[in-house]
2 protein chains.
Amino acid sequence: MQARRPTIDDVARHSGVGRTTVSRVLNDGPNVRPEVRDRVWASVRSLNYSVNPQARSLASGSSGLIALVFASDFDAQPNSFYASALELGALRECLVQGRHLLTHHVPQHSPDWKRQVLELIRTQRCQGVVLTPPFSDDPDLVKAATAQCAVALISPSPSTRGLADGVGVDDEAGGYDVARHLLGLGHRNLAYITGLESHLSAARRLEGLRRAVKSQGLDPASVRVLGGDFTFRSGVEHTRRLLGERSPPTAIICANDDTAAGALSVAHGLHLSVPDELSITGFDDTPMSEIVWPPLTTVHQPLKDMAGAAVSAIARRLAGEEDGPRFETLPHRVIARESSGPPGAP
Amino acid sequence: MQARRPTIDDVARHSGVGRTTVSRVLNDGPNVRPEVRDRVWASVRSLNYSVNPQARSLASGSSGLIALVFASDFDAQPNSFYASALELGALRECLVQGRHLLTHHVPQHSPDWKRQVLELIRTQRCQGVVLTPPFSDDPDLVKAATAQCAVALISPSPSTRGLADGVGVDDEAGGYDVARHLLGLGHRNLAYITGLESHLSAARRLEGLRRAVKSQGLDPASVRVLGGDFTFRSGVEHTRRLLGERSPPTAIICANDDTAAGALSVAHGLHLSVPDELSITGFDDTPMSEIVWPPLTTVHQPLKDMAGAAVSAIARRLAGEEDGPRFETLPHRVIARESSGPPGAP
DNA sequence: TGCGATGCTGGAAGCGCTTCCATAACAATG
DNA sequence: CATTGTTATGGAAGCGCTTCCAGCATCGCA
């Protein structure tokens with residue numbers, strides 16, 4: 001498509017220095033006189049030179065690649081807002097770190113998903129991998145990945161926190177906080193639609209919820225818990241079931257915004273007024289929570305920052321600046337919107 | 001992190017053949033006896049060898065990289081469902097083609113966005129680039145990109161169709177079809193909230209809309225048109241304005257699902273019943289259209305397939321199998337859901 | 001039986017970089 | 001002024017592949 005591109009040797013010749021010196025300049029290395037440095041940069045500009053990343057990777061023995069792995073089928077719609085937010089955050093930090101991001105979606109229901117993740121790392125020579133839930137909760141996978149490259153986990157459960165660096169919010173506290181919010185509004189009859197069983201951070205939210213209920217002097221066992229899977233559909237199904245019960249809950253806490261949107265949709269279908277007849281809350285504060293009607297009360301998670309922090313943890317580790325696995329807790333907060341209100345209001 | 005990985009020479013030694021032969025086997029080249037081929041594959045497996053992609057790129061002089069470029073700020077929420085669907089489709093096809101995808105988000109409001117896109121292609125040695133709207137509508141950018149690598153456009157307007165391969169639906173027909181749907185329900189007072197001005201395919205939808213209106217014997221000029229920008233927010237603002245008019249439209253056609261969600265949200269806020277008092281339609285059929293209440297009538301676009309087709313067009317072109325720029329039209333269809341109905345119904 | 005055509009194979013030369021190491025220039029020390 | 005460091009610099013050896021090309025069997029056909 002075009003003429004031969006200039007190489008480092010062209011730059012060296014053009015600026016009258018050795019190839020090694022050019023390399024030093026390009027990599028901000030030491031021991032180059034300022035005037036030489038300037039001369040080299042001038043040649044780079046005048047030749048419109050840019051380093052060949054492939055050659056650099058080969059020579060330096062490091063690919064610069066960081067994989068971001070999602071558990072989602074190619075054919076199903078992934079939890080787009082969640083995934084996009086993480087991807088954007090990771091992308092931005094990779095730019096800063098001069099690394100490349102390799103986004104990958106692994107069908108979580110395929111029998112060999114672990115192998116697929118590990119193969120990706122192996123064949124692409126990834127130097128780091130960011131695992132998202134529920135992959136970040138799987139000790140086997142995390143251990144195997146750690147043997148191959150630097151690993152950072154998004155919202156890992158306690159079972160994997162000791163195995164690799166991680167970032168996330170305090171899920172238990174998040175669950176506690178939404179529950180307190182609802183209890184404070186006067187709700188006494190709560191239900192929780194969980195995420196996938198394998199996704200332990202959704203389970204931690206439940207623990208927090210129970211703690212809040214107990215702190216109110218209520219029986220934690222009175223909270224109905226239904227096993228969802230983070231999808232809109234599971235919100236629909238479980239909400240239908242809940243509202244068909246003899247004494248339906250006055251508030252449904254959902255493990256994420258998608259599920260809450262499903263719950264909301266059922267309420268609309270039954271002509272229930274939200275929040276007057278039913279309060280519904282989500283989790284994550286994805287844009288979806290402002291798109292549905294009424295806007296969702298939810299727990300904000302700084303997803304982009306989390307992904308960025310994961311990438312920079314990997315970068316630090318590759319630079320040898322870390323010792324033991326470290327978990328970084330980012331702040332969450334309850335965002336009260338219109339989907340929650342006092343129970344039994346007119 | 002681990003011992004030296006086996007190289008092609010290790011495989012050659014292990015299977016007792018020359019390095020060249022191994023390379024031939026790995027690349028499915030001709031002129032290798034079946035028994036030798038088997039022997040080499042056996043060695044590959046037993047050594048757990050995998051090609052070093054960096055070395056391969058350098059030696060073959062081709063990076064295998066295809067860039068997927070979106071116009072969106074890192075800090076703003078992109079149109080996630082739209083972007084995710086395209087990314088997934090591109091990702092899958094890249095897997096098939098043995099290429100790598102480089103997703104990139106360029107702030108469309110930065111002054112040098114064109115340069116940014118071209119720099120990405122240049123510095124990363126991309127062999128192909130998939131441009132999404134509104135980048136796919138910019139003749140300058142498309143021309144410049146074509147000079148550097150293979151280009152495929154998502155939903156290009158007529159102004160860029162001749163410049164590079166493209167895929168998309170027939171936007172004009174899509175606009176025509178939703179409009180016919182609404183006219184068929186009895187609506188006579190329509191409004192259209194467009195996408196960004198720079199996004200010409202949204203303008204084509206308007207042309208179709210006008211054609212439908214005219215075919216009904218109405219004055220195309222009677223259709224109110226407001227200049228949105230594809231965001232939820234613009235749906236909110238313009239719908240507020242429209243509903244504040246003396247004779248508000250009975251149906252609002254939005255340039256995409258996000259905008260329609262915004263319109264829906266205003267209707268809810270005003271306690272307007274949708275579709276009885278106001279019909280609202282979207283475009284794209286992203287999952288969002290099933291998440292909002294009531295579910296959106298919208299025009300389905302096969303986004304994943306479009307992205308896949310774009311990648312494979314690039315692959316064909318790189319293989320030298322193409323001649324002139326070709327535009328591939330994929331089928332669209334109106335998905336009638338509950339957000340549209342006869343006007344003025346009880 | 002002879003001889004060009006064809007099939008199979010491997011040696012060797014790169015691809016464009018980083019990095020080890022030797023060398024040169026110069027400053028600092030006794 | 002000789003000696004030891006320190007700072008700059010470039011030569012050369014790879015990194016792990018692909019690919020050109022030469023070499024040798026083998027084959028078909030006259």
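Computed from heavy atoms alone, side chains included, the values below leave out hydrogens, waters and symmetry copies. Keep in mind that what you see is a predicted model, and the values were worked out from it rather than measured. Here is how names work: the chains are called A, B, and so on, in the same order as the sequence lines, proteins then strands, and each is numbered from 1.
For B:Arg56 and D:dT18, the CZ to C1' distance is 9 Å, given to the nearest whole Å. Rounding to whole angstrom units, CG of residue A:Asp28 and P of C:dT19 are separated by 14 Å. If you take CG of B:Asn31 and P of D:dC27, they are 15 Å apart, rounded to a whole angstrom. Spacing between atom CD of A:Gln124 and atom C1' of D:dC17 amounts to 15 Å, rounded to whole angstrom units. For the pair A:Leu26 CG and D:dG10 P, the computed distance is 14 Å after rounding to whole Å. Atom CZ of A:Arg24 and atom C1' of D:dA8 are 7 Å apart (whole Å). Atom CZ in B:Arg5 sits about 15 Å away from atom P in D:dC15, given to the nearest Å. A straight line from CG of A:Asn52 to P of C:dG16 spans 7 Å, rounded to a whole angstrom.
The side chain of B:Thr21 places an N or O atom within less than 4.0 Å of a non-bridging phosphate oxygen (OP1 or OP2) of C:dG10. Note on B:Ser23: every side-chain N or O is 4.0 Å or more away from OP1 and OP2 of D:dC17.
Side-chain atoms of B:Gln116 and B:Ser110 form a donor-acceptor pair, as typed in the model, at a separation below 3.5 Å. Side chains of B:Ser57 and B:Ser63: a donor-acceptor N/O pair is absent below 3.5 angstrom, by distance only. For B:Arg5 and B:Ser50, the side-chain atoms include at least one donor-acceptor pair closer than 3.5 Å.
Distance from the side chain of B:Val17 is smallest to C:dG10 among D:dT18, C:dG10, D:dG16. Among D:dA12, C:dA13, C:dT9, the nucleotide with an atom closest to any side-chain atom of A:Arg19 is D:dA12.
For D:dT19, the base has a donor-acceptor partner in the side chain of B:Thr20 [N/O atoms by modelled type, under 3.5 angstrom].
The two atoms that bring B:Phe70 and B:Ala83 nearest to each other are CZ-O, 3.5 Å, heavy atoms only.
Map B:Arg33 and B:Ala59 each onto its nearest nucleotide of DNA chain C; the residue landing nearer the 5' end is B:Arg33.
Note on B:Asp9: nothing from the nucleic acid sits closer than 4.0 angstrom, heavy atoms only.
Salt-bridge annotation for B:Arg326 and B:Asp165: absent, with no side-chain N of the basic residue lying under 4.0 Å from a carboxylate O of the acidic one.
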